[in-house]
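Working notes, beginning with the structure itself.
Just follow the structure's listing: the first ligand is 1, and inside any ligand the first atom is 1. None of these values were measured; they are calculated from a predicted model.
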Amino acid sequence: MFWSSRWSPDLPRRVPYIYLDNAATSLPKPYGVAEAVAKAMRRAGNPGRSGHALSLRSARDLFVARERLAELFGCVDSSRFVFAENATAALNQAIKGVLRPGDHVVTTSVEHNSVMRPLRRMEEAGVRVTVVPAAEDGVTEARDMIAAFRKATRLVVMVHASNVSGALQPVDAVVAAARRRGIFTLIDAAQTAGSLPIDLSALPVDLLAASGHKGLLGPQGTGFLFVREGVPIVPLIEGGTGSRSESDHQPEFFPDALESGTRNSVCAAGLAVSLAWILRKGVATIRRGEVALTDLLLKGLSRIAGVKVYGPADSARRGSAVSFRVEGMDPAEVGMRLEKRSGVLVRAGLHCSPNGHRALGTFPEGTVRVSPGPFTTRREIATFLSALRTIRDPAAG
Ligand SMILES: Cc1ncc(COP(=O)(O)O)c(C=O)c1O
């Protein structure tokens, strides 16, 4: 019951936790991420402001991370990747930067609050929102999304994989249909970036937002918004970019158009290292590993009496977050007992997605969510399952 020190030698050799909360933030990070952050911190000039050596080095840290994002997502022009402090900031920029009063938006009933709350705010500004209900397994049908398109529809916002049920949504079909109708699309890839292949040269999505600290295995304080060329978007924040300083108007070229104020070059240095690790390993390989662990989890959970698992039964149709409930027990109680008894760290509750839980019928108590990551071992999954069996049936422990 400890993390393998192979990956993160900076961690104490024995850490008495089994970390199964990678959907919230990934842990551990690949070797070198923490070191790169510490190193950058010691020599950080202001990226893109001054012209001296340390400023240029920090600007390079951002540039390298941006180039690796572009490589990972199959995009030639890295300037279309705008750094944000997390997926929430990126989603807010996309939603509030594209929509205008009178516009109509189509979204799903399994979105995270980082989509629903900005959309509800935009409703107050005269935007109309259609929420398309998902089925019981958390999957939204593409035909229902497409049927909700109207003349005034300007944007479709869709999560790639639900952070509650893990259910993958039919983004390919919806994006293709929206494109044919001239409707912009925004995909929330917070749960899939880095763990499911996404190729922006094949998927004609207009905007894609993700965190840097989840599947991309980077430090907290990182995230990005991809904006395809030609998509009209107004910056939420304007100010110093270090470019066109002679003008009191925001530059229109990317990434500066959407990057005002000092960027987080220190954490970008760490993100560049985690992205290099992912590029070396390959997202397809990471995905295979996570599917195998998800299979193990689904099989193991199905064998424990009184445990109900939510989301698609087939691991090929889901990300690696698995939600479940134990009959007669509050999810928060299960989460607490897993930690106290066995050092297993999971997330219980509503996961910032009340609508996702309404769709599954698990509102308001929520579920217990287990989410393995690329460094999770089969043994850790086995320990979690045995801890849960003991909670369910203390005589078996
Ligand atoms: C589907 C989804 N969207 C958005 C977010 C927000 O991500 P962040 O915490 O990086 O802002 C999360 C985080 O849990 C998520 O799961």
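Here the OG atom belonging to Ser79 is positioned 8.0 Å from the CZ atom belonging to Phe254, to the nearest 0.5 angstrom.
Residues that satisfy the salt bridge (charged side-chain N to carboxylate O under 4.0 Å, His left out) test with Arg128, not counting sequence neighbours, are absent from this structure.
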Let me check something: any side-chain donor-acceptor pairs from residues 83-102 under 3.5 Å, sequence neighbours excluded? List them with distances.
from: Asn86; atom 1: OD1; to: Thr88; atom 2: N; distance (Å): 3.2
from: Asn86; atom 1: OD1; to: Ala89; atom 2: N; distance (Å): 2.8
from: Asn92; atom 1: OD1; to: Lys96; atom 2: NZ; distance (Å): 2.7
from: Asn92; atom 1: ND2; to: Thr88; atom 2: O; distance (Å): 3.0
from: Gln93; atom 1: OE1; to: Leu236; atom 2: N; distance (Å): 2.9
from: Gln93; atom 1: NE2; to: Val234; atom 2: O; distance (Å): 2.9
from: Arg100; atom 1: NH2; to: Gly97; atom 2: O; distance (Å): 3.0

Could you pull out every donor-acceptor pair under 3.5 Å between side chains of residues 134-145 and any protein atom, sequence neighbours left out?
from: Asp137; atom 1: OD1; to: Val139; atom 2: N; distance (Å): 3.1
from: Thr140; atom 1: OG1; to: Gln169; atom 2: OE1; distance (Å): 2.7

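Side-chain contact between Lys281 and Ile286: present, with at least one pair of heavy atoms (C-beta onward) separated by less than 4.5 Å.
Residues Arg120 and Glu124 are not paired through a salt bridge, judged by the lack of any N-O separation under 4.0 Å between the basic side chain and the carboxylate.
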For ligand 1, output the ligand-protein N/O contacts shorter than 3.5 angstrom; if there are none, return none.
from: ligand 1; atom 1: 3 (N); to: Asp188; atom 2: OD1; distance (Å): 3.3
from: ligand 1; atom 1: 3 (N); to: Asp188; atom 2: OD2; distance (Å): 2.6
from: ligand 1; atom 1: 7 (O); to: Ser211; atom 2: OG; distance (Å): 3.4
from: ligand 1; atom 1: 10 (O); to: Ala87; atom 2: N; distance (Å): 3.2
from: ligand 1; atom 1: 10 (O); to: Ser211; atom 2: OG; distance (Å): 2.8
from: ligand 1; atom 1: 10 (O); to: His213; atom 2: NE2; distance (Å): 2.8
from: ligand 1; atom 1: 11 (O); to: Ala87; atom 2: N; distance (Å): 3.3
from: ligand 1; atom 1: 11 (O); to: Thr88; atom 2: N; distance (Å): 2.9
from: ligand 1; atom 1: 11 (O); to: Thr88; atom 2: OG1; distance (Å): 2.5
from: ligand 1; atom 1: 14 (O); to: Lys214; atom 2: NZ; distance (Å): 2.6
from: ligand 1; atom 1: 16 (O); to: Gln191; atom 2: NE2; distance (Å): 2.7

